There are 2 protein chains.
Amino acid sequence: MSTTTATGDRWERTGAQARSHRTQDAFLDAAEELFGRDGVAHTSVTDVADRADRSIGSLYHHFTNKETLVAAVVDRILASLESTADRAIDPARWAGADITQIVRSYAASSLELGGQRPGSKRIIVEVSLTDDVTRERYRRFREHLEDGLTALLIDRSDEIGHPDPPLAARFVIDQLTAMLTARLDGDTIPTQLAERADRAFVDEAVSSVGSYLRLADDA
Amino acid sequence: MSTTTATGDRWERTGAQARSHRTQDAFLDAAEELFGRDGVAHTSVTDVADRADRSIGSLYHHFTNKETLVAAVVDRILASLESTADRAIDPARWAGADITQIVRSYAASSLELGGQRPGSKRIIVEVSLTDDVTRERYRRFREHLEDGLTALLIDRSDEIGHPDPPLAARFVIDQLTAMLTARLDGDTIPTQLAERADRAFVDEAVSSVGSYLRLADDA
DNA sequence: ATTATCTATAGATCTATAGATAATGC
DNA sequence: ATTATCTATAGATCTATAGATAATGC
């Protein structure tokens with residue numbers, strides 16, 4: 001029947017032929033694009049098949065139902081985010097770097113990654129509305145990323161002039177994440193944050209972090 | 001036929017009987033609740049009629065189609081937000097208040113209002129995805145609110161130690177708005193911002209604003 | 001021989017309407 | 001007399017399947 005199986009409502013690729021692999025990717029690419037642009041609920045499986053230049057019958061050969069297709073798209077997005085986050089918070093990567101460098105790099109690369117795939121987050125947020133598994137996995141991803149970044153800052157407590165370094169580190173990462181989210185959401189929160197050029201925005205964000213933490217070279 | 005007319009795709013109440021008024025409110029209340037909880041796309045007009053304890057025929061007597069019902073709900077939400085914002089940024093209201101008081105009040109009342117109706121924003125964001133008029137109106141609302149708040153701060157430039165008060169005021173309002181948004185989105189961005197108690201969060205946000213602006217009583 | 005794809009369509013769900021019945025208020 | 005409401009259902013749209021045809025790779 002189908003070459004996909006739902007393991008605990010999740011998705012697993014089990015295609016045999018090389019053609020199968022290409023077709024599944026074509027469906028996933030088409031689905032991700034349309035889901036991100038028009039929303040999952042407003043995109044029909046027929047739309048996805050048309051966009052992928054394949055038939056609706058072929059789509060249902062590869063995916064049990066629309067839910068499975070959505071889960072596959074979500075899984076691909078989250079897996080990519082998770083691996084990026086793992087690399088970003090690896091202490092070894094930041095050996096020798098100071099807080100300003102870490103913060104600047106986090107802000108700049110978030111904007112770059114988020115700007116490349118603006119629909120990804122929209123998909124995750126929409127699916128999370130009704131799917132507990134996705135909501136929880138997304139929450140864990142962000143928690144993992146923020147915890148890792150906070151730890152990088154706490155490891156550099158000697159640079160922090162704020163009287164409570166652990167609390168200040170945590171707050172500053174939350175604050176920065178909120179600003180990056182606002183800026184990346186664009187249509188959702190399009191204020192001055194969205195209008196200012198990326199570089200100027202990062203500069204001001206880094207400066208704000210520095211003054212709140214009372215970094216050594218700031219005093 | 002119908003007692004609603006679509007004026008430029010917008011909605012106008014034209015009910016005659018007292019009963020009509022009550023029924024329209026019942027439909028709007030039911031729709032707002034379900035739209036906010038399950039999403040507009042996942043809520044059928046039948047769901048709305050059932051929730052309002054009225055028939056589908058009655059719903060279509062009052063609203064031309066689902067789109068008109070959605071527009072009516074959106075209009076009610078935005079009108080409420082707009083009037084709240086107008087009151088919040090009235091300079092007369094803040095005569096004698098300093099920056100810290102303004103910022104604290106903005107943060108506290110945003111959290112209070114947003115917490116009362118968590119679904120409102122979700123509805124606006126979902127509708128904005130496909131409706132240009134709503135997206136633009138929501139953007140204008142936020143721009144108006146942020147411009148007003150920024151002006152209140154700039155009027156108090158003598159309190160600001162930052163070398164560029166207009167830029168600093170603008171940045172700080174953006175930053176604060178981003179944090180409030182993150183906190184209110186709860187499920188969307190549930191990190192430490194969401195876990196900390198409202199009062200502690202407001203305290204830390206106000207303190208952060210103070211240190212970035214280099215407020216007089218902070219130096 | 002097995003796997004992938006296509007066309008055609010069944011089945012489910014949702015929006016919207018028609019026409020009959022009930023309530024309102026002059 | 002006018003307005004509001006209800007029941008029943010038509011019409012549109014979407015998901016999913018059946019069965020025939022084409023391509024793959026041992």
Side-chain angles (χ1 to χ4, degrees), chain A residues 1-6 9 11-31 34-35 38-73 126-127 130-131, chain B residues 1-6 9 11-31 34-35 38-73 126-127 130-131:
Chain A
M1 296 265 164
S2 170
T3 57
T4 61
T5 55
D9 256 25
W11 176 83
E12 243 172 57
R13 189 195 296 276
T14 61
Q17 297 184 356
R19 180 169 62 148
S20 174
H21 196 268
R22 284 198 308 274
T23 296
Q24 287 185 15
D25 284 344
F27 281 132
L28 291 175
D29 291 342
L34 297 181
F35 290 169
D38 305 327
V40 176
H42 288 102
T43 302
S44 72
V45 287
T46 308
D47 293 335
V48 174
D50 287 350
R51 178 88 205 172
D53 271 323
R54 278 164 175 92
S55 72
I56 182 70
S58 179
L59 193 155
Y60 275 96
H61 175 71
H62 290 284
F63 301 94
T64 314
N65 49 33
K66 188 182 181 182
E67 197 184 339
T68 310
L69 173 64
V70 172
V73 169
E126 182 181 352
V127 173
T130 50
D131 176 27
Chain B
M1 294 261 170
S2 171
T3 56
T4 61
T5 56
D9 255 23
W11 178 81
E12 242 171 57
R13 190 195 297 275
T14 61
Q17 298 184 356
R19 181 170 59 148
S20 175
H21 196 270
R22 283 199 308 277
T23 297
Q24 286 185 14
D25 284 343
F27 281 132
L28 291 175
D29 290 343
L34 297 181
F35 289 168
D38 305 329
V40 176
H42 288 101
T43 303
S44 72
V45 286
T46 306
D47 293 336
V48 174
D50 288 350
R51 178 86 204 174
D53 271 323
R54 278 162 176 92
S55 73
I56 183 69
S58 179
L59 192 154
Y60 275 95
H61 175 71
H62 290 284
F63 301 93
T64 314
N65 48 34
K66 188 183 179 181
E67 198 184 338
T68 309
L69 173 65
V70 172
V73 170
E126 182 181 353
V127 173
T130 50
D131 176 26

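Below, chains carry the letters A, B, ... as their sequence lines are ordered, and counting in each starts from 1. As the structure is a computational prediction, the values presented were derived from the model and not from experiment.
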Is [X] near enough to [N] that one of its side-chain N or O atoms lies under 4.0 angstrom from OP1 or OP2?
X	N	value
Tyr60(B)	dA16(C)	yes
His21(A)	dA4(C)	no
Thr46(B)	dC14(C)	no
Ser44(A)	dT13(D)	no
His61(B)	dT17(C)	no
Ser20(B)	dA4(D)	yes

Exercise. Assign each of Gly57(B) and His42(A) to its nearest nucleotide of DNA chain D by heavy atoms, then name whichever residue's nucleotide is nearer the 5' end.
Key: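 Looking at the nearest nucleotide for each, Gly57(B) comes out on the 5' side.
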Let's see if you can work this out: which of [options] has an atom nearest to the side-chain heavy atoms of [X]?
X	options	result
Asn65(A)	dA16(D), dC6(C), dA4(C)	dA16(D)
Ser58(B)	dC6(D), dC6(C), dA4(D)	dC6(D)
Ile56(B)	dC6(D), dA16(C), dT5(C)	dA16(C)

Measure the distance from [atom1] on [X] to [atom2] on [N] and round it to the nearest whole Å.
X	N	atom1	atom2	result
Asp50(A)	dT5(C)	CG	P	16 Å
Lys66(B)	dT17(C)	NZ	P	15 Å
Arg22(B)	dA23(C)	CZ	C1'	11 Å
Gln24(B)	dT3(D)	CD	C1'	12 Å
Leu59(B)	dC14(C)	CG	C1'	13 Å
Leu34(A)	dC14(D)	CG	C1'	15 Å
Asp47(B)	dA16(C)	CG	P	14 Å
Glu67(A)	dC14(D)	CD	P	19 Å

Quiz item: Just wondering, do Val48(B) and Phe35(B) contact through their side chains at under 4.5 Å, heavy atoms?
Solution: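 Yes, side chains in contact.
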Quiz item: Can you find a pair of side-chain heavy atoms, one from Val70(B) and one from Val73(B), that are under 4.5 Å apart?
Solution: no
Exercise. With a 3.5 angstrom cut-off on both distances, give the Watson-Crick or G-U wobble partner of dT24(D), or none if there isn't one.
Key: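 Its partner is dA1(C) (Watson-Crick or G-U wobble, both distances under 3.5 Å).
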Quiz item: If we call it a pair only when both distances are under 3.5 Å in a Watson-Crick or G-U wobble match, what pairs with dG19(D)?
Solution: dC6(C)
Quiz item: Out of curiosity, Phe63(B) CZ to Ser58(B) OG, how far, rounded to the nearest 0.5 Å?
Solution: 9.0 Å
Quiz item: Once you round to the nearest 0.5 Å, how far does OG1 of Thr46(A) lie from CG of Leu59(A)?
Solution: 9.0 Å
Practice problem: Identify the two heavy atoms, one from Arg54(A) and one from Phe27(A), that lie closest to each other, and give their separation to 0.1 Å. | Solution: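 Closest pair (atom of Arg54(A), atom of Phe27(A), distance): CB-CZ, 3.7 Å.
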